[in-house]
Amino acid sequence: MQGFEGAFEQVEFLLIAGIVLVLAYLALEHKEIVYAAFFFGFMASFVAGFFLLLEAPFIAGMQIAVYTGGISALIIFAVLLLPRAQDSSLETFASKRKRRIGLMVAAIVAALSGILALLFPWAESFDETFVIISNDLNELALWLWANNGIYVQMIALIMVTSLVGAIALLKMDKAEQIGSIRGDFGIEAEPTIEEDESPVDEEPPAEEPEEVDA
Amino acid sequence: MVPLSWYLILAFMLIGLGGYGMMVKRNLIRILIGAEIMGNGVNIALVAMSLYSPVFTFTGQGLIILVISVAAAHTALALVLMLMYNRRYDTVDLGQPIQKEEP
């Protein structure tokens with residue numbers, strides 16, 4: 001029975017891994033960027049399957065909520081806000097040399113990582129079996145909030161700072177386009193153009209007649 | 001039981017695929033998607049190594065929770081930077097040489 005379950009898990013793993021790799025490839029190579037964003041969302045959903053296999057249901061839920069629900073939606077918004085991103089001429093490479101260099105670097109990274117995965121003696125330092133911890137969400141919550149709560153709050157602060165920084169960047173860019181800010185008070189006050197210009201229609205003031213001494 | 005090396009090989013394949021997207025593509029959104037794919041690979045490797053480690057702790061899962069949260073924030077920031085790049089240079093093409101504005 002145990003062997004059957006193990007084989008079933010392996011088949012599950014291979015199936016999900018195949019789907020994830022194909023979807024990741026499509027997300028990078030599909031000509032239409034909108035479809036690519038959708039493929040990325042599907043890929044993120046299937047990655048949650050690995051977390052279920054790894055006895056981490058909370059992480060799986062978070063993966064679906066954040067990656068599929070949040071990040072892929074953000075990418076689709078980016079595509080909608082940037083119509084130039086849908087230009088299919090961007091999918092051709094700038095030059096063959098650049099493409100070759102990029103492919104070579106990516107292949108080196110993948111090969112080194114693969115060698116690390118295959119040759120490093122993981123089996124000696126890691127167990128081949130693991131404890132079933134599906135129902136230990138309470139312990140995860142305790143670990144996260146009771147033991148390491150300060151780090152969670154620090155990360156939350158960093159995130160808020162980055163989001164506020166992002167909004168500030170957008171506002172600054174917009175303010176640069178508008179030009180100098182004009183107001184009635186303080187150092188921001190600048191004379192308006194109407195105030196500087198003398199009225200054109202008005203006649204020049206009549207000169208006072210000189211008094212002639214008797 | 002799925003061996004740990006299977007998870008690691010998959011994770012490193014995803015990292016390689018994401019790296020390929022980040023190195024080769026010109027479209028800013030494709031580059032962002034590549035970075036996210038790399039992040040997914042790292043997440044899988046972290047959770048797998050945490051679960052298979054001899055002394056189990058929740059370090060891996062706690063790290064993943066933080067990594068996923070930070071990924072959401074950095075995607076929002078990347079979106080803003082893309083918008084600014086598009087406003088300034090009127091393109092989302094990173095392969096195109098940027099012409100400096102004449103004074």
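Residue numbers begin at 1 in each chain, while the letters A, B, ... track the order of the sequences.
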task: For atom CZ of A:Phe46, decide whether the heavy atoms of other residues, nucleotides or ligands shown that lie under 6.0 angstrom number more than 12.
output: no

field: Parallel, tilted or perpendicular: rings of B:Tyr7 and A:Phe50 (30°, 60°)
entry: perpendicular

query: So what's closer than 4.5 Å to chain B heavy atoms on A:Leu21: side chain, backbone, both or neither?
result: both

- request: Tell me, out of B:Thr75, B:Asn40, B:Ile15, who's got the most heavy-atom pairs with chain A below 4.5 Å.
  value: B:Asn40

query: Would you say the side chain of A:Leu142 lies within less than 4.5 Å of the side chain of A:Asn147, judging by non-hydrogen atoms?
result: no

- request: Would you mind reporting whether A:Phe13 and B:Leu10 have side-chain heavy atoms less than 4.5 Å apart?
  value: yes

field: Contacting moiety of A:Ile155, where chain B heavy atoms sit under 4.5 Å
entry: side chain

Chain B contact via A:Leu14 - side chain, backbone, both or neither, heavy atoms under 4.5 Å: side chain

Contacting region of B:Ile68 [heavy-atom separation from chain A under 4.5 Å]: both

- request: Grab the two heavy atoms, one from A:Leu169 and one from B:Val80, that are nearest each other, plus how far apart they are.
  value: CB-CG1, 4.2 Å

query: Which residue out of B:Ile65, B:Leu81, B:Ile31, B:Leu32 racks up the most heavy-atom pairs below 4.5 Å with chain A?
result: B:Ile65

- prompt: Taking atom NE2 of B:His74 and atom CD1 of A:Ile158, what is their separation to the nearest 0.5 Å?
  reply: 13.5 Å

field: For chain B, the option from A:Ala17, A:Ser162, A:Ala24 that forms the most heavy-atom pairs under 4.5 Å
entry: A:Ala24

task: Answer with side chain, backbone, both or neither: which region of B:Ala45 has an atom nearer than 4.5 Å to a non-hydrogen atom of chain A?
output: neither

Spacing of A:Leu53 atom CG and B:Trp6 atom CH2 [to the nearest 0.5 Å]: 11.5 Å

message: Under a 4.5 Å cutoff for heavy-atom pairs, which residue among B:Gly16, B:Ala78, B:Gly39, B:Gly62 has the most contacts with chain A?
response: B:Gly62

query: In terms of heavy-atom proximity below 4.5 Å to chain B, should A:Glu12 be classed as side chain, backbone, both, or neither?
result: neither

field: Contact origin within A:Phe8 toward chain B - heavy atom pairs under 4.5 Å
entry: neither

field: Residue A:Val160 versus chain B: region with a heavy atom under 4.5 Å
entry: neither

- request: Output the distance between atom CD1 (B:Ile33) and atom CE (B:Met22), rounded to the nearest 0.5 Å.
  value: 12.0 Å

field: When B:Val70, B:Asn43, B:Ile64 are compared by non-hydrogen pairs under 4.5 Å with chain A, the top option
entry: B:Asn43

- prompt: Looking at A:Ala166, A:Ala106, A:Gly70, which has the largest count of heavy-atom pairs under 4.5 Å with chain B?
  reply: A:Ala166

- line: Greatest number of non-hydrogen atom pairs under 4.5 angstrom with chain B, of A:Val109, A:Ile167, A:Ile59, A:Val47, falls to A:Ile59

query: Looking only at heavy atoms, what is the nearest atom pair of A:Met159 and B:Ala73, with distance?
result: CG-CB, 3.9 Å

- prompt: Counting only N and O atoms by type, is there a donor-acceptor contact under 3.5 Å from the side chain of A:Thr68 to the main-chain atoms of A:Ala65?
  reply: no

task: Name the member of A:Leu74, A:Ile108, A:Val66 that forms the most heavy-atom pairs with chain B at distances under 4.5 Å.
output: A:Leu74

